[in-house]
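One structure is given here, and the rest of the page talks about it.
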There are 2 protein chains.
Amino acid sequence: MNQGFGQFCPIALASEVLTQRWMLLIVHQLLDGSSRFNDIRRGVPKISATLLKQRLETLEYAEIIEKRASGNSGVYEYFLTPAGTELESIIKGIGSWGQRWARDIQEEDLDPGWLVWSMRNRLNVEEMPKGRTIIQFEFTDAKPKERYFWLLVNEKKVDVCVKYPGNSPDIKVTSPVIVMAEVWRGIRPIRKAIADGAIQLEGKPSVCRAFPNWLLLSQLADIKRMR
Amino acid sequence: MNQGFGQFCPIALASEVLTQRWMLLIVHQLLDGSSRFNDIRRGVPKISATLLKQRLETLEYAEIIEKRASGNSGVYEYFLTPAGTELESIIKGIGSWGQRWARDIQEEDLDPGWLVWSMRNRLNVEEMPKGRTIIQFEFTDAKPKERYFWLLVNEKKVDVCVKYPGNSPDIKVTSPVIVMAEVWRGIRPIRKAIADGAIQLEGKPSVCRAFPNWLLLSQLADIKRMR
DNA sequence: CGGTATCCCCCGCGATACTG
DNA sequence: CAGTATCGCGGGGGATACCG
């Protein structure tokens, strides 16, 4: 059932693969630089491992990605083929369209883990202090297990922690998820949210002043929302 | 289940609507100028009426299309909103990608009715004789009910007939479906197919000579296939 | 022409547990 | 880390018949 639209229109043939559930999000992760199974998964946290594997196989069969052994320890990586790379403009187009016209964010979309993982790739490490910096996020309205996250920046490399990393943060950022989500999407200016008290910062004044410059926000944040 | 990917990434939000089964094909028909229910359906023949109505409602709710009464006799038309119009570049992109990289055509994709309906919109009426012209297609390997089609061109307007229109055709075009499909997609040059005998023409020599210029082929026919 | 109304099957997908 | 294995359900959607 899922396969085939009974016509040979190129849009239909492409849709067979591309419009399968989760497919665009997976390709997006690959375009964004993820290549390992669990990295892809962290960018698409609500997919099950089983289904992700299935989708990757479908993409491989469609020659959109290639699986390669990385080292010899059973570690694999997935890379886009030329056909896959050519999906970039389409995915970007859909992202832009979504930013402009898609429905508003609802409660059930607010996954704080995904938010923090997205920030990981868009941290302005050049502007950050040399040596190690720890940013703590506290989402006041999240479930206990999704309440705290830490971004560890070290030598321009960024890691996400879901457990207290053992060293006290340089800055603590506290807000409801929706506020950081809207900031991330470019709908809400971060400095205003801080001034409002919607986002609370705790740390050395110099660090708190610098913090808004550390977040580069979503790549789509500059695109004007139309609805 | 079908709704929601549990994240507020604009790609995910857009996907909720756009990657539903049939959705891109429906929007494509609207972009192509269809506005009435049964016209859309002829461009997406394998969808059921029930499902098409559901999809149109979803598109309306997402503010991608608008339904308007046409006249007052229970005739309705569907039009793209600005949000819908902005999908054009995405759909075109997917079409181009499909032409370049999607899988090859299989038996089950070969719907002759869809092929003829597609030709209707891409007939070079400027190059055709004044007055009425009737083109008959015979697909030698099609089921009895899908064996014959006629394109009636009159004063630069084109109609599709599935029954003998009562007047003898100016030209009869006979071939297997796959041959016309490949010609339509730009994979196979029409003049070569005629010279080979894969397509057989019957009619006045002057009409047979002119015929290859009448078909404009798919809009994507010029895009180079890569696999 | 432009839909409704049902009926029902099947399989996509989520959930959970387990493994080399 | 990168998957497998299994199970069960929900509902998407195909088929068919009917309607104003």
Side-chain angles (χ1 to χ4, degrees), chain A residues 1-7 12 15-26 29-30 34-60 65-79 108 111 117 159-160 162, chain B residues 1-7 12 15-26 29-30 34-60 65-79 108 111 117 159-160 162:
Chain A
M1 172 276 293
N2 189 24
Q3 313 256 62
F5 293 91
Q7 56 185 69
S15 293
E16 275 176 33
V17 176
L18 300 179
T19 70
Q20 284 180 34
R21 187 162 163 76
W22 302 108
M23 212 51 119
L24 294 182
L25 301 179
I26 294 167
Q29 291 306 307
L30 290 159
S34 294
S35 61
R36 305 219 353 218
F37 189 87
N38 280 338
D39 283 352
I40 298 168
R41 220 183 149 186
R42 245 165 301 196
V44 193
K46 295 291 199 298
I47 196 176
S48 72
T50 314
L51 198 49
L52 176 54
K53 187 70 212 328
Q54 257 175 242
R55 289 295 188 263
L56 289 171
E57 276 168 2
T58 302
L59 287 171
E60 219 185 327
I65 65 172
E66 256 178 36
K67 181 181 182 178
R68 295 190 214 133
S70 158
N72 42 13
S73 49
V75 173
Y76 293 98
E77 291 188 273
Y78 298 90
F79 295 99
E108 59 268 26
D111 181 333
W117 179 253
D159 282 312
V160 174
V162 294
Chain B
M1 173 277 293
N2 189 25
Q3 312 257 59
F5 293 91
Q7 56 185 70
S15 293
E16 275 175 33
V17 176
L18 300 180
T19 70
Q20 284 179 34
R21 187 162 164 76
W22 303 107
M23 211 51 120
L24 294 182
L25 302 179
I26 294 167
Q29 291 306 308
L30 291 159
S34 293
S35 61
R36 304 218 355 218
F37 189 87
N38 280 338
D39 283 351
I40 298 169
R41 222 185 148 184
R42 245 166 300 194
V44 193
K46 294 290 199 295
I47 197 175
S48 72
T50 314
L51 198 49
L52 176 54
K53 187 73 213 321
Q54 256 174 243
R55 289 295 188 261
L56 290 170
E57 276 168 3
T58 303
L59 287 171
E60 217 183 331
I65 64 172
E66 257 178 35
K67 181 181 182 178
R68 295 190 216 135
S70 161
N72 42 13
S73 50
V75 172
Y76 293 99
E77 292 189 271
Y78 298 90
F79 295 99
E108 60 267 28
D111 181 333
W117 180 253
D159 282 312
V160 175
V162 294

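Chain A is the first sequence line, chain B the second, and so forth, proteins listed ahead of strands; every chain is numbered from 1. Bear in mind the structure is a predicted one, so any value in this text is a computation, not a measurement.
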B:R21 side-chain N/O to A:F5 backbone N/O, donor-acceptor pair under 3.5 Å:
no

Tell me: CD of B:Q54 to C1' of D:dG12, nearest whole Å?
8 Å

Measuring from atom CD of B:Q54 to atom OG of B:S48, what distance do you get when rounded to the nearest 0.5 angstrom?
8.0 Å

In 5'-to-3' order, the base (B), backbone-only (S) or no-contact (-) status of each nucleotide in nucleotides 2-9 of chain C, using a 4.0 angstrom heavy-atom cut-off, is BBSB----

For the pair made of CG in B:L52 and P in D:dG13, what is the distance, rounded to whole Å?
13 Å

Evaluate the side-chain proximity of B:L56 to B:K67: yes if any heavy-atom separation is below 4.5 Å, no if none is.
no

Nearest heavy-atom pair of B:L30 and B:Y78: which atoms, and what distance?
CD2-O, 3.5 Å

Calculate the interatomic distance between B:L51 atom CG and D:dG11 atom C1'; express it in whole Å.
13 Å

Sequence neighbours excluded, which residues qualify as side-chain contact (heavy atoms from CB on, under 4.5 Å) partners of A:R41?
A:F37, A:N38, A:I47, A:A49, A:L52

What's the verdict on side-chain contact (heavy atoms from CB on, under 4.5 Å) for A:W117 and A:D39, showing C-alpha distance, side-chain angles and the deciding distance?
CA-CA 10 Å; A:W117 179 253; A:D39 283 352; 4.0 Å; yes

Using every non-hydrogen atom in the two residues, find where B:Q7 and A:P45 come nearest and quote the distance to one decimal.
OE1-CD, 3.7 Å

Do you know which two heavy atoms are closest between A:K46 and A:D111, and how far apart they sit?
NZ-OD2, 2.8 Å

Bend of the helix from C:dC1-D:dG20 to C:dG20-D:dC1 from end-axis comparison, five pairs per end, nearest 10°, comes to 60°

To the nearest Å, how far apart are A:K46 NZ and C:dA15 P?
10 Å

For the pair made of CZ in B:R21 and P in D:dG11, what is the distance, rounded to whole Å?
19 Å

Would you mind reading off the distance between B:Q20 atom CD and D:dG13 atom P, rounded to a whole angstrom?
7 Å

Please state how far atom CD in A:E77 lies from atom P in D:dG3, giving the value in whole angstrom units.
11 Å

Quick check: closest heavy atoms across A:I40 and A:Q29, and the distance to 0.1 Å?
O-CG, 3.9 Å

I need the CD1-C1' distance between A:I26 and D:dG3, as an integer number of Å.
15 Å

